[in-house]
There are 2 protein chains.
Amino acid sequence: MIPSAAPPSGDGKPSRRDQILAAAAELFAQHGFRGVGIDDIGAAVGITGPALYRHFRSKDAMLGEMLTGISEYLLAGGTERIRRVGDADDILTGLVRFHVDFALQQPALITVHERSLASLGDEDRRRVRRLQRQYVEVWVTALRATVPRLDEPHARSAAHAVFGLINSTPHNRHLPGDDLAELLTRLALGALYAAK
Amino acid sequence: MIPSAAPPSGDGKPSRRDQILAAAAELFAQHGFRGVGIDDIGAAVGITGPALYRHFRSKDAMLGEMLTGISEYLLAGGTERIRRVGDADDILTGLVRFHVDFALQQPALITVHERSLASLGDEDRRRVRRLQRQYVEVWVTALRATVPRLDEPHARSAAHAVFGLINSTPHNRHLPGDDLAELLTRLALGALYAAK
DNA sequence: GGACGAAGTTAGTGAACGCTAACCTCGCTC
DNA sequence: GAGCGAGGTTAGCGTTCACTAACTTCGTCC
């Protein structure tokens, strides 16, 4: 369900790597990548800072794994949805629901994904950028199938705008989860169909 | 037009303070507050790092001034717009246009405003938070005037969501400015009227 | 029960960085 | 033209922080 490079290794509980990534995501979301020390991340999982280097090559590598994980998860889920046969409107709705669900379940990852691209090394940044571009293209495809009069640049801009709308979940703590999911879905679709 | 604590002092050209703030905003938007050194900011305006302390008490103070400036500008502009007499729909449209214009003219400030709250000192953070809350209330007021069936929590969430939509300008480089302004306005209003 | 590897510890190193101190150089004012 | 304040400079201090080295602990396998 949640993106993870190494799945929970057979038994139930998450691997140490995943524990660390989850804790780090929460901290990065709160204080920013550069605002979190290696000791803070360690403390959050009950070990000292340097022990993290048994699991990750560097602090940058943690961020890299986090961001590529998210990007791959979104692209995979999005691609799967536009491959389904059926009504174009249903597919677009499915895409919105998929992204809304992710944003609701992982607000911390959303925040990190939006803010900390700049802190990534060159290699990882290129990779994440490419995945993001491909995800946008998934949306552009779905959008133009339902609103054929929309040209590509407008569709791309509309996609970015709707990401912004849905990704507002970290600032949106006022409503119970289900209500917020429904509201965001309706707002997103309302925006997209208004794109003309 | 652009928020500035000390206006351009009579003659045309911006004060040194404002030059520095503008350069710093650009850098903070690109690399994050913690990712920018005092020497980088200085270099961007052609002086050395320590010279900045002739104009600002600290690096934190620069960020503080930047963020309170933006927040005050938005609140003032928003408040002015909902005070106007006239059709509720027109007022909401005016509010959307106002925010869209700001986001288009100052994408760097938008980015900093969203990302760097955590780096602010306690005092400034409280102040900015209060201004932001008040600005949200302006939107809630306007929204509930046009969509009376919307309760307050839903209106607040819708406002946050639409901020996310409009504040996507930093990721939105594909369209000429005028087209983007029109698109974002239409998307935002489409979303808001879909809130039911 | 000895060997070994995985996962932890503490101590320490080197670089980056915010900020201060001390000094310089103008342009104004009287 | 002496005095002075505004706005620069360079050198350096102290802290923070990512990362490494050296050592410990412990479960597993033969």
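Remember, it's a predicted structure, so these values are computed and weren't measured experimentally. Per chain, numbering begins at 1; letters A, B, ... match sequence-line order.
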If you count every heavy atom of other residues, nucleotides or ligands that lies below 6.0 Å from B:Arg84 atom CZ, does the total exceed 12? yes
Calculate the interatomic distance between A:His31 atom NE2 and D:dT16 atom P; express it in whole Å. 16 Å
Between C:dT20 (C1') and B:Leu52 (CG): distance, integer Å: 14 Å
Mind listing the closest non-hydrogen atom pair of A:Ala103 and A:Thr169 along with its distance? O-OG1, 3.0 Å
Examine C:dG8: is either OP1 or OP2 under 4.0 Å from a nitrogen or oxygen in the side chain of A:Arg16? Give yes or no. yes
Between B:Ile38 (CD1) and D:dT16 (P), how many Å, whole number? 17 Å
Among the nucleotides C:dC19, C:dT10, D:dC19, whichever has the atom closest to the side chain of A:Lys59 is D:dC19
Looking only at atom types and distance, does a side-chain atom of B:Arg125 sit under 3.5 Å from a main-chain N or O of B:Leu120, one as donor and one as acceptor? yes
So which one's nearest nucleotide on DNA chain D is more toward 5', B:Gly49 or A:Arg57? B:Gly49
Closest nucleotide among C:dT10, D:dT10, C:dG18 to the B:Pro50 side chain: D:dT10
What is the distance from CZ of A:Phe56 to P of C:dG8, rounded to the nearest Å? 12 Å
Quick one: label B:Val45 by what it contacts on the DNA or RNA (base, sugar-phosphate, nothing), any heavy atom closer than 4.0 Å. nothing
Taking atom types as modelled, is there a side-chain donor on A:His113 or A:Gln132 under 3.5 Å from an acceptor on the other? yes
CA sep, side-chain torsions, deciding dist, call: A:Arg127, A:Glu123, salt bridge (charged side-chain N to carboxylate O under 4.0 Å, His left out): CA-CA 6 Å; A:Arg127 202 170 148 200; A:Glu123 175 108 4; over 6 Å; no
Measure from the side-chain heavy atoms of B:Ile47 and tell me the nearest of C:dG18, D:dG8, C:dT9. D:dG8
In whole Å, what is the span from the CZ atom of B:Arg17 to the C1' atom of D:dG7? 14 Å
Could you check how far CG of B:Asp39 sits from P of C:dA15, rounded to whole Å? 17 Å
Separation of atom CG in B:Asp40 from atom P in C:dG18, rounded to whole Å: 8 Å
Would you call B:Arg133 and B:Glu137 a salt bridge, using N to O less than 4.0 angstrom? no
Winner on side-chain proximity to A:Tyr53, out of D:dT10, D:dA18, C:dT20, is D:dA18
Per B:His55 side chain, nearest of listed nucleotides D:dG7, C:dG8, D:dC19: D:dG7
Residue A:Thr48, side-chain atoms from C-beta onward, closest of C:dT9, D:dG8, C:dG8: C:dT9
Sugar-phosphate means primed atoms, P, OP1 and OP2; the rest is base. With that split, encode nucleotides 22-27 of chain D 5' to 3' as B, S or - using protein heavy atoms under 4.0 Å. B-----
May I ask you to check whether B:Asn172 and A:Ser157 show a side-chain donor-acceptor distance below 3.5 Å? yes
B:Ile41 has an atom CD1; how far is it from atom C1' of C:dC19, in whole Å? 13 Å
